[in-house]
Protein chains: 2
Amino acid sequence: MEDKVLRKLFLGFIHIHILHHAKESPIFGSWMLEELREHGYSIGPGTLYPILHSMESDGLLTREDRNVEGKIRKYYSITEKGEQILVEAQKKAYELFKEIKD
Amino acid sequence: MEDKVLRKLFLGFIHIHILHHAKESPIFGSWMLEELREHGYSIGPGTLYPILHSMESDGLLTREDRNVEGKIRKYYSITEKGEQILVEAQKKAYELFKEIKD
DNA sequence: TTTTCAATATCGCCCTTCGATATTAATACT
DNA sequence: AGTATTAATATCGAAGGGCGATATTGAAAA
């Protein structure tokens with residue numbers, strides 16, 4: 001399957017998407033899963049949640065538990081360090097795009 | 001170190017760079033190492049060579065041994081499948097860039 | 001033959017990804 | 001009250017990959 005090949009290429013993209021959305025407004029896991037799916041990234045919960053945890057322990061995201069309609073959700077927001085990383089990613093994504101666009 | 005964090009984000013970018021350059025003209029390992037370094041990607045030979053091997057066994061690159069000034073180099077060119085993957089990557093890189101640019 | 005050098009390959013450790021399954025906590029139903 | 005249901009999150013073991021350090025290759029120079 002070339003799915004495996006594509007995933008290898010796009011896992012970093014997924015991390016960047018997460019940072020981007022977490023900057024716009026706090027996100028939670030299953031919403032992010034749906035958002036990524038709409039962008040054409042197929043990824044399961046067993047992959048996403050460990051990624052969120054590692055991004056938190058890497059200091060890119062902070063977690064806050066909220067009670068929404070009786071359900072507890074873990075909302076993740078971007079940290080200052082996360083924003084710095086995102087800026088780096090924006091630069092690199094632009095360079096990559098410029099270089100391969102034609 | 002946040003180097004580890006950045007590497008996680010950019011490994012896919014590196015794969016795409018490799019595909020792009022292998023399409024322009026055949027590449028070999030140590031040249032690619034230098035090229036990536038100039039683009040700001042720090043990566044060692046112990047990482048790059050296994051990547052080239054896996055991209056070959058995934059059918060994205062083909063290898064051809066050439067004798068250059070008495071030295072044997074392994075030149076990698078892009079395959080048809082590699083070109084298809086690269087097109088996918090271009091689309092996704094453009095979407096990513098569009099989404100996070102501001 | 002020995003040294004030197006550029007280029008490539010391999011080693012073992014550790015971490016991550018993955019699909020599948022389990023857990024949690026609150027509501028709806030009978 | 002007890003059970004089923006549901007959304008959201010967490011965890012499991014297997015498999016694979018990244019990493020730095022080290023080893024190997026092959027040819028030319030000394």
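Each chain gets a letter, A, B and so on, in the order the sequences are listed, and its residues count up from 1. Just so you know, these numbers use all the heavy atoms, side chains as well, and skip hydrogens, waters and symmetry mates. What you see is a predicted model; the values in this text were computed from it and never measured.
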Original post:
Starting at the 5' end of DNA chain C, which residue's closest nucleotide do you reach first, B/Y75 or A/G44?
Top reply: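 The residue whose closest nucleotide sits nearer the 5' end is B/Y75.
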
**OP:** Hey, which sits more toward the 5' end of DNA chain C by its nearest nucleotide, B/K74 or A/L11?
**Re:**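 Result of the comparison: B/K74.
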
Subject >> d(CZ, A/R7; P, D/dA15) in whole Å >> reply: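 That distance rounds to 16 Å.
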
Subject >> Residues from residues 45-63 of chain B lying under 4.0 Å of DNA chain D - heavy atoms >> reply: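 Those residues whose heavy atoms fall under 4.0 Å from DNA chain D, taken from residues 45-63 of chain B in numerical order, are B/G46, B/T47, B/I51.
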
Output all residues satisfying salt bridge (Lys or Arg N to Asp or Glu O under 4.0 Å) with [X], sequence neighbours left out; order by chain, then residue number.
X	value
A/E34	A/R37
A/K91	A/E88
A/R63	none

Original post:
Would a hydrophobic clustering, with Ile, Leu, Val, Met, Phe, Trp and Tyr connected at side-chain separations under 4.5 Å, put A/L33 with A/I72?
Top reply: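 Different clusters: A/L33 never reaches A/I72 through Ile, Leu, Val, Met, Phe, Trp or Tyr contacts under 4.5 Å.
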
Subject >> Sequence neighbours excluded, every pair satisfying ring pair (Phe, Tyr, Trp, His ring centres under 6.0 Å) that has a member inside residues 69-92 of chain A >> reply: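 Counting only pairs at least two positions apart or across chains, the ring pair (Phe, Tyr, Trp, His ring centres under 6.0 Å) contacts touching residues 69-92 of chain A are A/F28-A/Y75.
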
**OP:** If a pair satisfies salt bridge (Lys or Arg N to Asp or Glu O under 4.0 Å) and one of its residues is in residues 46-56 of chain B, list it, with sequence neighbours excluded.
**Re:**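 Output for this query is empty, none listed.
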
**OP:** With sequence neighbours excluded, tell me which residues meet ring pair (Phe, Tyr, Trp, His ring centres under 6.0 Å) with A/F13.
**Re:**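 A/F13 satisfies ring pair (Phe, Tyr, Trp, His ring centres under 6.0 Å) with A/F10, B/F13 once adjacent residues are dropped.
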
Original post:
Taking 5' to 3' order, which nucleotide of DNA chain C is first and which is last to have an atom within less than 4.0 Å of a heavy atom in chain A?
Top reply: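 Listed 5' to 3', the contact boundaries are C/dT17 to C/dA26.
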
Original post:
If you group Ile, Leu, Val, Met, Phe, Trp and Tyr whenever their side-chain heavy atoms sit less than 4.5 Å apart, what else falls in with A/F97?
Top reply: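 So far as hydrophobic clustering goes, A/F97 is joined with A/Y94, B/Y94, B/F97.
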
Subject >> Set of side-chain hydrogen bond (donor to acceptor under 3.5 Å, both in side chains) partners for A/E64, sequence neighbours left out >> reply: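 Result, side-chain hydrogen bond (donor to acceptor under 3.5 Å, both in side chains) vs A/E64: none returned.
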
Subject >> Test side-chain hydrogen bond (donor to acceptor under 3.5 Å, both in side chains) applied to B/K8 - qualifying residues, sequence neighbours left out >> reply: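 Once residues adjacent in sequence are excluded, the partners of B/K8 under the side-chain hydrogen bond (donor to acceptor under 3.5 Å, both in side chains) criterion are A/D58.
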
Please list, for nucleotides 23-27 of chain D, all pairs of protein and nucleotide N/O atoms separated by less than 3.5 Å.
residue	atom	partner	partner atom	Å
D/dA27	O4'	B/G70	O	3.3

Original post:
Closer to the 5' end of DNA chain D via nearest nucleotide, is it A/K8 or A/S30?
Top reply: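 Its nearest nucleotide lies further toward 5', so the answer is A/S30.
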
